[in-house]
Amino acid sequence: MTILLTLFAKVYNKGQLKQIEATLQTTFEDLDAQIQIIEAYNRWVKIKITGEDENVAKNYIAKQIGICPINIDEITIDTKLKGYIKKIGSSEKLSIDIGITEPNPVHVHIPLITLQNQLLNGKEESFKKIVKLFALSTDLPISIRVNNICIVENTIEAELSQNQVEMFKNWQKSLLDRLIILGITTDKITEILERTRLNRDVINIESLGLFEQVLTCKLGTDAAGLIPRIGHYMRNTKISTFNSKNNNIQY
């Protein structure tokens, strides 16, 4: 028997595919479970697991990394999912990619009014302002809860999960800047911070995904000011900032 999975992981370069495969093979070297990367369709990592311990491997991967649903039929109202923000344009809704590509891609969106209610206690700010306030960007991992499913149109309407809302609220309350770096591992971030001696300016590294990290800055440290000092070591990453000053507002 063979198990095919789409991991909750998007890659930013080919080297990361090899990195995932090597890590998983090492993890299961004492089990009868062989891991093979099939492809990275639309940058989603698809793998094949074979061997007598394939279910053990699958359960471990589901817990440690996360796996995506295969078909929209697997999803029900109130299902909690993880995805990545798609390209942010002029639309008045947040679009999320949850990894379903067969037989057709599924379109997931969170309406503006839902974002206003969840993040701003109903205050009618524009979509553009919300994007800026909460540092929403393409490829940012995000957790959602399904509110409505339309099989005919292959669409899902959702809201932010409670955990996701709490994360953003905690960012607001802390009054600390954050540096959001997409396309890099925790180990690499740690190495760069030590090399540049910026580990004294960062109090925490939070992983949102395998290659998506959030650096919490010390009180008084300007996250944007760190970019020129570390950008040289992160040329293939996407860097954005959560500005605590922009969020020192009570709604």
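More than 12 heavy atoms of other residues, nucleotides or ligands lie within 6.0 Å of NZ in Lys169, so this atom counts as buried by the packing criterion. More than 12 heavy atoms of other residues, nucleotides or ligands shown are found within 6.0 angstrom of CG on Asn170. Atom NZ of Lys238 sits in a crowded spot, with more than 12 heavy atoms from other residues, nucleotides or ligands closer than 6.0 Å. Counting non-hydrogen atoms of other residues, nucleotides and ligands closer than 6.0 Å to CG of Leu4 gives a total above 12. In Glu29, the CD atom is crowded: over 12 heavy atoms of neighbouring residues, nucleotides or ligands sit closer than 6.0 Å. Heavy atoms of other residues, nucleotides or ligands lying less than 6.0 angstrom from CD1 of Ile151 number more than 12. The 12-atom threshold is not exceeded at CD of Glu124, counting heavy atoms of other residues, nucleotides or ligands nearer than 6.0 Å.
Checked by atom type, the side-chain pair Asn147/Glu157 shows no donor-acceptor distance below 3.5 Å. Asp177 and Ser244 are linked by a side-chain donor-acceptor pair at a separation below 3.5 angstrom, with hydrogens and angles left out of the test. The closest side-chain donor-acceptor pair between Ser207 and Gln213 falls under 3.5 angstrom. For the 3.5 Å distance criterion, the side chains of Thr79 and Thr76 qualify, holding a donor opposite an acceptor. A side-chain donor from one of Lys46 and Thr6 sits under 3.5 Å from a side-chain acceptor of the other.
Under a hydrophobic-cluster definition in which Ile, Leu, Val, Met, Phe, Trp and Tyr are linked whenever side-chain heavy atoms come within less than 4.5 Å, directly or via other members, Leu115 and Ile98 are assigned to the same cluster. No continuous path of ILVMFWY side-chain contacts below 4.5 Å connects Ile227 to Ile180, so the two sit in separate hydrophobic clusters. By the criterion of side-chain heavy atoms lying less than 4.5 angstrom apart, applied directly or through intervening Ile, Leu, Val, Met, Phe, Trp or Tyr residues, Ile113 is not grouped with Val165; the two fall into different hydrophobic clusters. Grouping the Ile, Leu, Val, Met, Phe, Trp and Tyr side chains by contacts below 4.5 angstrom, directly or via other members, places Tyr12 apart from Leu179. In the hydrophobic clustering of this structure, Ile37 groups with Ile67; members are Ile, Leu, Val, Met, Phe, Trp, Tyr whose side-chain heavy atoms approach within less than 4.5 Å, directly or through other members.
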List the steps and the verdict of side chain to side chain contact (heavy atoms under 4.5 Å, CB included) for Gln19 and Phe211. CA-CA 11 Å; Gln19 184 178 353; Phe211 303 107; 3.9 Å; yes

Would Leu140 and Leu208 count as a side chain to side chain contact (heavy atoms under 4.5 Å, CB included) here? Give the steps. CA-CA 8 Å; Leu140 183 72; Leu208 302 181; 3.8 Å; yes

What do the steps show when you test Ile85 against Ser95 for side chain to side chain contact (heavy atoms under 4.5 Å, CB included), and what is the final call? CA-CA 6 Å; Ile85 295 179; Ser95 296; over 6 Å; no

What do the steps show when you test Ile205 against Val214 for side chain to side chain contact (heavy atoms under 4.5 Å, CB included), and what is the final call? CA-CA 6 Å; Ile205 301 175; Val214 178; over 6 Å; no

Residues Lys10, Asp97; criterion salt bridge (charged side-chain N to carboxylate O under 4.0 Å, His left out); working and verdict: CA-CA 11 Å; Lys10 280 195 171 187; Asp97 182 357; 2.9 Å; yes

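Closest heavy-atom contact between Asn71 and Pro103: ND2-CD, 3.5 Å. Listed here is the closest heavy atom pair of Glu125 and Gln116: O-NE2, 2.8 Å. Between Leu7 and Leu24, the shortest heavy-atom contact is CD1-CD1, 4.3 Å. Of all non-hydrogen atoms in Pro111 and Ala158, the two that sit nearest each other are CD-O, 3.8 Å. Shown here for Leu176 and Phe242, the closest heavy-atom pair between the two residues is O-CD2, 4.0 Å. The two residues Ile184 and Gln16 come nearest to each other via the heavy atoms N-NE2, 4.4 Å.
Judged purely by atom type and a 3.5 angstrom limit, Gln25 has no side-chain atom pairing as donor or acceptor with the backbone of Ala22. Looking only at distances, a side-chain donor or acceptor of Thr190 sits under 3.5 Å from a matching main-chain atom of Thr186. Under the 3.5 Å distance criterion, the side-chain polar atoms of Gln164 are matched with a main-chain donor or acceptor of Ser143. At distances below 3.5 Å, not a single donor-acceptor pair connects side-chain atoms of Arg145 with backbone N or O atoms of Asp78. Side-chain atoms of Thr196 come within 3.5 Å of backbone atoms of Ile192 as a donor-acceptor pair (strictly under, hydrogens ignored). Although no hydrogens or angles enter the test, the distance criterion places no donor-acceptor pair under 3.5 Å between the side chain of Lys82 and the main chain of Ile144. Without hydrogens or angle criteria, Arg197 side chain to Glu194 main chain gives no donor-acceptor distance under 3.5 Å.
Using a 4.5 Å heavy-atom cutoff, the side chains of Ile96 and Tyr84 are not in contact. Put simply, the side chain of Trp171 does not reach to within 4.5 Å of the side chain of Thr216, judged on heavy atoms. By the 4.5 Å heavy-atom criterion applied to side chains, Ile203 and Cys217 are not counted as neighbours.
The pair Lys86-Asp139 fails the salt-bridge criterion, with no side-chain N (NZ, NE, NH1 or NH2) lying under 4.0 Å from an Asp/Glu carboxylate O. Taking 4.0 Å as the cut-off between side-chain N and carboxylate O, Glu191 and Lys188 count as a salt-bridged pair. In this structure, Lys58 does not pair ionically with Glu54, as no charged nitrogen and carboxylate oxygen lie closer than 4.0 Å.
The aromatic ring centroids of Tyr41 and Trp44 lie 6.0 Å or more from each other. Close placement of the Tyr60 and Phe28 rings is indicated, their centers lying within 6.0 Å of each other.
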